[in-house]
Amino acid sequence: MFDAEQLKQAVGDLDEDKVMEILREFVATNPSQEEAQQAVAACQSGMAIVGDLFEKEEYFVGDLIFAGELLTNAIEILKPVLGTASSAKIGKIVLGTVAGDLHDIGKNIFKSMAEAAGFEVFDLGIDQPPANFVNKVREVKPEIVGMSGVLTLALESMKDTVDALKEAGLRDSIKIIIGGNPVTKEACEQIGADAFTTNAAEGVKICQGWVK
Amino acid sequence: MTDIAALAQERTQIIADVLAGRIPKRVPVIPGITYEFAVEYAGLDLMTATWNPENFEPVCDKVCQDFYADVFPVIHLRFPALYKTLGAKNWVMGSQGFLQHPEVVGLLEEEYDEFIENPYNCIMEKVLPRIYKNLDTDPQTRSIVMAKAFYIFNEEFGNIGATAAKLSQKYGYGTANLFTAAPSAPFDFVADQLRGFRNMMLDVRRIPDKVEAAVKAATPLMIKMGWPATPLPNAAVFMPLHMAPFMREKDFARLYYPTFKETVEAFAKAGRQTLLFVEVDWMRYLDYLYDLPENTIMWFEFGDPKLVKEKLGKKHILTGFYPVTLLKTGTVQQCIDKAKEMLDILAPGGRYYFNFDKSPLTLDTVKPENLKAVLEYVAQNANY
């Protein structure tokens, strides 16, 4: 077995060498699927520490990117012992960068942190027209839709996407969060979203609040 | 002297005053309106109109007629014909026709040493063919692609220069060029064009020594890129800053700041000011910005204008802060009130010209009547 607290802390510290060392030793003991799930859970708790430190401005966007990479690599090491067991999901998010905008770094950070928090994320990709959001929402019936954008022109596309979801009769069954450089409270109101953030960690907390 | 010539002279004078740190007669209004906005404002289609240089003059003329500015206000930096010819992966058109910079990797991790050893050769041999797919071919074809690309580049810039001069005469704009060249801070160059945003952030943690050496190796190239070959009045090198707000201060202090400072200092020593676009939030780094050469022009996006005025306002030239998104969400009165608030904070003592926190990108990013009202308000209500 492994020391869950130690693993969680090593992820929180973004100590890549230590995380990998703990996990390699753990995998070498040929653990059960259940134990492997506990290791995943410890890594995910470590991500929550990363999110907190980001909100306290001790970590920055570069650290969130590194944390996402660290978590991906950690799960990769655990894969052979994880088997088919999958942890319960706390909700579904349909996520994408809106039409006209090709930026995805912020979206990818949010995705990685939302997955670590237990969400199943359906990532549409960049430059996604409203119809693609509508179709995916119909198909997977998420609790939440996340729209991302960096350029100011994304605000208009976000509004178009919300309008399309309304027209499709899907708006009332979902919560909508918008994120990225240009979003503000006023823009959020005009777009008709439920929440906005320029901070991925805060965005994940808002989503957690919605599925409680 | 004609009224237009007198107006141009007055405008040139207030810009000269502000850039030299003297209190001008009034706050200069120097907005940057993107060509993409101008195209849509003139009723043309962004997808097709930016390919044809002949559209430039009538499109700009419409903006000059309708929006107040003390300097020719249209900024045209993104040329689809150029990037199409090169097969660019670093400048790509979005589905609505706006060219933008997606994440690219021009240099692989295992190529760091090659870049550090000889950055110019490495860029020519490895990076360019990777970022511009039409250069990834035999040397004969590549030289033809390059020749075509530079023909377009020269044609576009020649047209912009001639049109700006013509419209400046027509509208009595002041003489100034704050975009004589557009180099990056060396760290940003390595991040944006070579390693990509994501890889760079991983490299900073995993192989900081390589990053440091690569950034140092890129510095002479950035200085050369922005070098002021000919003296010009009221001129600045434009440097948009990118990665610093996403970094830890200790990484910034070691990997970003020293070569950034070296680059700005090199231009200052050669007699050219630098206009920094201080993107995102730099409030953590104000002491570093303070240490740059006197009269560096700093165009702020986010942050606390009061604090910046207090800390930097006696040494440097400030602009920005006005949230351009308000021009979309606010009423005319709210937009004017915000302009008044910015003037009250930033204008006292000079060393400030009016601009927004960033340029309106496309027509749907602002209400044109708000943009118009704010520029008029500042032009008429910011006398010293």
Side-chain angles (χ1 to χ4, degrees), chain A residues 14-17 53-54 57-70 72-73 97-109 112 125-130 132 149-160 180-191 196 198-199, chain B residues 34 36-37 40 46 91-104 191 196-206 243-249 251-252 255-256 279-281 283-284 301-302 323-331 334 356-366:
Chain A
L14 298 177
D15 187 340
E16 187 175 34
D17 293 342
L53 290 173
F54 179 73
E57 297 193 9
E58 286 180 39
Y59 282 166
F60 299 92
V61 166
D63 303 297
L64 297 185
I65 290 172
F66 188 78
E69 169 86 359
L70 180 61
T72 305
N73 292 345
T97 303
V98 293
D101 199 321
L102 305 175
H103 293 81
D104 64 358
I105 290 165
K107 170 181 73 62
N108 293 344
I109 292 171
S112 149
I126 56 174
D127 201 353
Q128 291 295 313
N132 290 10
V150 166
L151 304 178
T152 43
L153 58 84
L155 298 177
E156 195 64 21
S157 296
M158 288 174 179
K159 185 166 190 317
D160 293 344
N181 179 296
V183 303
T184 59
K185 181 168 169 286
E186 292 74 25
C188 180
E189 282 163 12
Q190 287 197 357
I191 287 163
F196 75 99
T198 55
N199 170 328
Chain B
T34 65
E36 290 84 350
F37 172 92
E40 293 189 330
L46 191 53
W91 285 101
V92 177
M93 208 178 245
S95 61
Q96 296 167 348
F98 195 88
L99 266 174
Q100 47 201 293
H101 176 77
E103 178 88 327
V104 287
F197 191 124
R198 181 177 170 279
N199 287 333
M200 192 67 166
M201 293 291 93
L202 304 181
D203 294 348
V204 162
R205 277 197 173 261
R206 286 178 179 154
M243 300 298 285
F246 311 119
M247 300 167 73
R248 293 176 295 181
E249 186 177 344
D251 295 328
F252 171 82
L255 302 172
Y256 192 107
E279 275 183 77
V280 192
D281 186 340
M283 292 307 103
R284 291 187 282 143
E301 186 176 11
F302 300 132
V324 79
T325 50
L326 183 64
L327 299 179
K328 182 176 176 66
T329 59
T331 62
Q334 285 169 332
F356 302 98
D357 65 341
K358 45 191 169 274
S359 298
L361 280 190
T362 48
L363 189 59
D364 62 12
T365 59
V366 298

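Throughout, protein chains are lettered first and strands after them, A, B, ... in sequence-line order, and every chain is numbered starting at 1. The structure displayed is predicted, hence computed values, not measured ones. When reading the values below, keep in mind they use all heavy atoms of this one structure, side chains included, and skip hydrogens, waters and symmetry mates.
- Side-chain contact check for A/Ile65 versus B/Phe246: every heavy-atom pair is 4.5 Å or farther apart.
- Your options are A/Leu155, A/Val150, A/Asp63, and the one with the most heavy-atom pairs under 4.5 Å with chain B is A/Asp63.
- Checking side-chain atoms of A/Asp127 against main-chain N and O of B/Ser95 turns up a donor-acceptor pair under 3.5 Å.
- Of the candidates A/Glu186, A/Glu156, A/Gln190, B/Lys328 forms a side chain to side chain donor-acceptor pair (under 3.5 Å) with just one, namely A/Glu156.
- Minimum interatomic distance between A/Phe60 and B/Arg248 (heavy atoms only, all atoms of both residues): CD1-CA, 3.8 Å.
- Proximity to chain A is limited to the backbone of B/Met93, based on heavy atoms less than 4.5 angstrom apart.
- By the 4.5 Å heavy-atom criterion applied to side chains, A/Asn181 and B/Lys358 are counted as neighbours.
- Between A/Glu69 and B/Arg205 there is no salt bridge, since no side-chain nitrogen of the basic residue lies less than 4.0 Å from a carboxylate oxygen of the acidic one.
- B/Gln100 is listed as a side-chain neighbour of A/Asp101, based on a closest heavy-atom distance under 4.5 Å.
- Heavy atoms closer than 4.5 Å to chain B are found nowhere in A/Glu189, neither backbone nor side chain.
- At a 4.5 Å heavy-atom cutoff, B/Pro360 makes no contact with chain A through either its backbone or its side chain.
- For the pair B/Arg284 and A/Glu57, the salt-bridge criterion is not met [side-chain N within less than 4.0 Å of a carboxylate O].
- Taking all atoms of both residues into account, the shortest heavy-atom contact from B/Val92 to A/Leu102 is O-CD1, 3.5 Å.
- Atoms CZ and OG1, from B/Phe37 and A/Thr152 in turn, are 10.5 Å apart once rounded to the nearest 0.5 Å.
- Taking every heavy atom of both residues into account, A/Ser157 and B/Gln96 meet most closely at OG-NE2, 3.2 Å.
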